[in-house]
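Okay, structure first, notes after.
We name chains A, B, ... by the order of the sequence lines, and we start the count at 1 in each one.
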Amino acid sequence: MLDIKFVREHPDAVREACRRKKIEADVDGLLQLDQRVRELKTVFDEKKAEQNRASKSIGKLSPEERPAALQGVKTLSEAVKDLEAQKKEAEAALRPLLLQVPNIPADDVPDGDTDEDNVELRKVGEPPTFDFEIKDHVELGRSLDIIDIERATRIAGSRTYFLKNEGALLELAVLRFALDHMVAKGFSPMLVPNLVRRVAMEGTAYLPGGEEQAYRTVKDEDWLIGTAEVPLTSYRMGDILEASELPVKMVGWSNCYRREAGTYGKDTRGLYRIHQFQKVEQVVLCRADADESLRWHQEILANSEEVLQALGQPYRVVNVCTGDLGRPQIQKFDIETWMPGRRGYGETPSASRFHDFQSRRLDLRYRSETDNRPQFCHTLNNTVIASPRVLIPILENGQQKDGSVVIPEALRPYMRGQEVIEPKQ
RNA sequence: GGAGAGGUGGCAGAGUGGUCGAAUGCGCUGGAUUGCUAAUCCAGUGAACCUGCUUUCGGGUUCCGAGGGUUCAAAUCCCUCCCUCUCCGCCA
């Protein structure tokens, strides 16, 4: 959610943002309503002040003097009530309009319609070449006896899986490796609620709008998180932080649940697009300073790149274009890892910065040391690693002619030193 | 699941129709004192919004969980909802 003052003062920037992001928002209607709200407020304030003065003086009157004075104030009070109703109605209509308004994309976000227009910033690592016919992760998972999708489907439906044997250990290894990497960088490790109230979903801007994408419990209205970003960013909701507490650097580990509605027939094979996975996620809360925000954006992006590099995975970084950017983001960098089975790069981590778009909804503020007024924090987040999706490149890139898979060195300490996963049959 | 208690400023915690944006304590800021630190003393210290010949100065409105009601007047009375806690039961 943007500051209404900002919209008022920079309507053209807001219209430009709508145009670039291809998001509809009634900016003119919003501005007209804002004007009306302020006019009503001025009139209401004046009348109410008059009433307050009159009321106050009644308290000081003697019992004999009161009845006469009461008559006059009563009509005044009725007029005030009427004005208040009008004002409230206008204010209530304002919020939904404001919620439609997208955040302003950064200048260096490329224009475009879909992810095909995302701009590649850099490639790191060379996709491996194979002198044999490669298997994809589904085939490898079966021959190594580490992934079972068929049986999962029987008991849990589409887009589900079992990880077993080294598959289970490999997932825990990669997650733990990612977590340790972030803890070494000063991020606080957090195990978070996976089931949250509506406020947290709304505060992080997943609701309203994302109802179809999230699971909800039937008896209580609780939501299964699609990412640890939800509880982590909401963690200090409603607080006024001391400036000395910033930046808040957190790394959370959670299960993530996504309905993947509207994706029927898309990415149906294997572990790419599934209903449940585990993710290590980094979240930063920092001062309301665009430059500082940008520096953190680069840093959290680098953190995730370091993890992929340590795992020896070839990847590229793309600057996500306006049409593929969500409403809340200023800018987003996706990291795409080479997946031989797809003969291309597949999305893995995704680093976003929001400025105060989320914190305004969450009422997440800090008291700056310069001027003493509370200000909204800036929020950022990035995936460190999401599994089992990351197992796809690890298995596919690491496969050998004999059907075995080499475990990245960085993970071996978490696998009791195991170097290779051998085929079972 | 059964019974009860409660939601007040950065925090703790008074306040049960007007003198309450709200006592007191802690914290914080400034000052005094002080070999240093601590302690002590004095002063200040909520937020949002509107507005004033945008002047580190003023005026106003709103906010005591949320929403509604009673009243000239509500933190205080009534209703609805949300949330938290305690005890009992059940249980990983």
field: Nearest-nucleotide pick for A:Arg367, side chain only, options being B:rC72, B:rC83, B:rG46
entry: B:rG46

query: Does the side chain of A:Gln375 pick up a donor-acceptor pair with the side chain of A:Asp356 at under 3.5 Å?
result: no

message: How many whole angstroms separate atom CD of A:Glu91 from atom P of B:rC63?
response: 12 Å

- request: Measure the distance from CZ on A:Arg198 to C1' on B:rA66 and round it to the nearest whole Å.
  value: 16 Å

message: What verdict does the side-chain contact (heavy atoms from CB on, under 4.5 Å) test give for A:Gln282 and A:Lys249, after you've listed the backbone C-alpha separation in whole Å, the side-chain angles of each residue and the deciding distance to 0.1 Å?
response: CA-CA 7 Å; A:Gln282 43 182 333; A:Lys249 301 190 290 179; over 6 Å; no

query: Expressed as a whole number of Å, how far does the P atom of B:rC81 sit from that of B:rG18?
result: 29 Å

Minimum-distance nucleotide to A:Thr42 side chain [options: B:rU84, B:rC50, B:rU61]: B:rC50

Distance, rounded to the nearest Å, where A:Glu78 contributes CD and B:rA73 contributes C1': 14 Å

message: In whole Å, I'd like the distance from the CG atom of A:Asp45 to the C1' atom of B:rC50.
response: 6 Å

task: For B:rU80 versus B:rG17, give the span between their C1' atoms, rounded off to a whole number of Å.
output: 22 Å

Partner nucleotide, any strand, of B:rA22 [Watson-Crick/G-U, under 3.5 Å]: none

task: Calculate the interatomic distance between A:Gln86 atom CD and B:rU61 atom P; express it in whole Å.
output: 19 Å

query: OP1 or OP2 of B:rC50 less than 4.0 angstrom from a side-chain nitrogen or oxygen of A:Lys87, does that happen here?
result: no

message: Under 6.0 Å from the ring centre and within 45 degrees of the ring axis: does the NZ or CZ of A:Arg389 meet both conditions for the six-membered ring of A:Phe277?
response: no

- line: Scanning all shown strands, the Watson-Crick or wobble mate of B:rA5 with both distances under 3.5 Å is B:rU84

- prompt: Salt-bridged, A:Arg295 to A:Asp291, with N to O below 4.0 Å?
  reply: no

- request: Determine the Euclidean distance between corresponding C1' atoms of B:rU86 and B:rG69; express it in Å to zero decimal places.
  value: 32 Å

- prompt: Any side-chain N or O of A:Arg197 under 4.0 Å from OP1/OP2 of B:rU84?
  reply: yes

- request: Would you indicate which nucleotide in B:rC49, B:rA73, B:rU84 comes nearest to any side-chain atom of A:Ser77?
  value: B:rA73

- request: Salt-bridge test for A:Arg236 and A:Glu245: reply yes if a basic N is under 4.0 Å from a carboxylate O, no otherwise.
  value: yes

- request: Could you state the atom-to-atom distance from CD of A:Glu221 to P of B:rC82 in whole Å?
  value: 11 Å

task: Searching all strands shown, indicate the nucleotide that pairs with B:rC64 (Watson-Crick or G-U wobble; both distances under 3.5 Å).
output: none

message: My understanding is that a pair needs two contacts under 3.5 Å, Watson-Crick or G-U wobble. By that rule, which nucleotide pairs with B:rA43?
response: B:rU29

- prompt: Mapping A:Arg365 and A:Lys88 onto RNA chain B by nearest heavy atom, which one lands closer to the 5' end?
  reply: A:Arg365

- request: Considering just the side-chain nitrogens and oxygens of A:Arg53, establish if one lies under 4.0 Å of OP1 or OP2 belonging to B:rG18.
  value: no

message: Categorize A:Ala54 for me: base, sugar-phosphate, or nothing, with a 4.0 angstrom heavy-atom threshold over every strand shown.
response: nothing

- prompt: Is the shortest side-chain N/O distance from A:Lys48 to OP1 or OP2 of B:rU62 below 4.0 Å?
  reply: yes

task: Give the nucleotide from the list B:rU71, B:rC72, B:rA48 with an atom nearest to the side chain of A:Gln51.
output: B:rC72

message: I want to confirm an ordering. Mapping A:Glu84 and A:Glu242 to their closest nucleotides on RNA chain B, which one lands closer to the 5' end?
response: A:Glu242

query: Expressed in whole Å, how much space separates the P atoms belonging to B:rA23 and B:rC50?
result: 27 Å

query: B:rG27 P sits how many Å from A:Glu245 CD, rounded?
result: 17 Å

message: Under a 3.5 Å cut-off for both contacts, is B:rG35 paired Watson-Crick or G-U wobble with anything, and if yes, with which nucleotide?
response: none

- prompt: Which base sits across from B:rC77 as a Watson-Crick or G-U pair, both distances under 3.5 Å?
  reply: B:rG69

query: Cut-off 3.5 Å, side chains only: do A:Tyr272 and A:His137 have a donor facing an acceptor?
result: no

query: Just how far, in rounded Å, is P of B:rU51 from CZ of A:Phe44?
result: 15 Å

message: Does B:rU62 have OP1 or OP2 under 4.0 Å away from a side-chain N or O of A:Asn52?
response: yes

task: Provide the distance between the two P atoms, one in B:rC41 and one in B:rC26, to the nearest whole Å.
output: 9 Å

A:Arg142 bridged to A:Glu150 by N-O distance under 4.0 Å: yes

query: From the list B:rC50, B:rA73, B:rA47, which nucleotide is the closest neighbour of the side chain of A:Arg8?
result: B:rC50

query: Expressed as a whole number of Å, how far does the P atom of B:rG31 sit from that of B:rG68?
result: 47 Å

field: Minimum-distance nucleotide (side-chain atoms of A:Ile58 versus B:rG60, B:rA48, B:rC72)
entry: B:rC72

task: Establish, with yes or no, whether the OP1 or OP2 oxygen of B:rC49 is under 4.0 angstrom from a side-chain nitrogen or oxygen of A:Lys41.
output: no

Span that lies between the C1' atom of B:rA66 and that of B:rC11, in whole angstrom: 23 Å

message: Using atom C1' in both nucleotides, what's the gap between B:rG67 and B:rG7 to the nearest angstrom?
response: 16 Å

- prompt: Would you say the side-chain atoms of A:His181 and A:Glu306 include a donor-acceptor pair closer than 3.5 Å?
  reply: yes

message: As a test of reading the structure: which of B:rC50, B:rU61, B:rG68 is closest to the side chain of A:Arg38, going by heavy atoms?
response: B:rC50

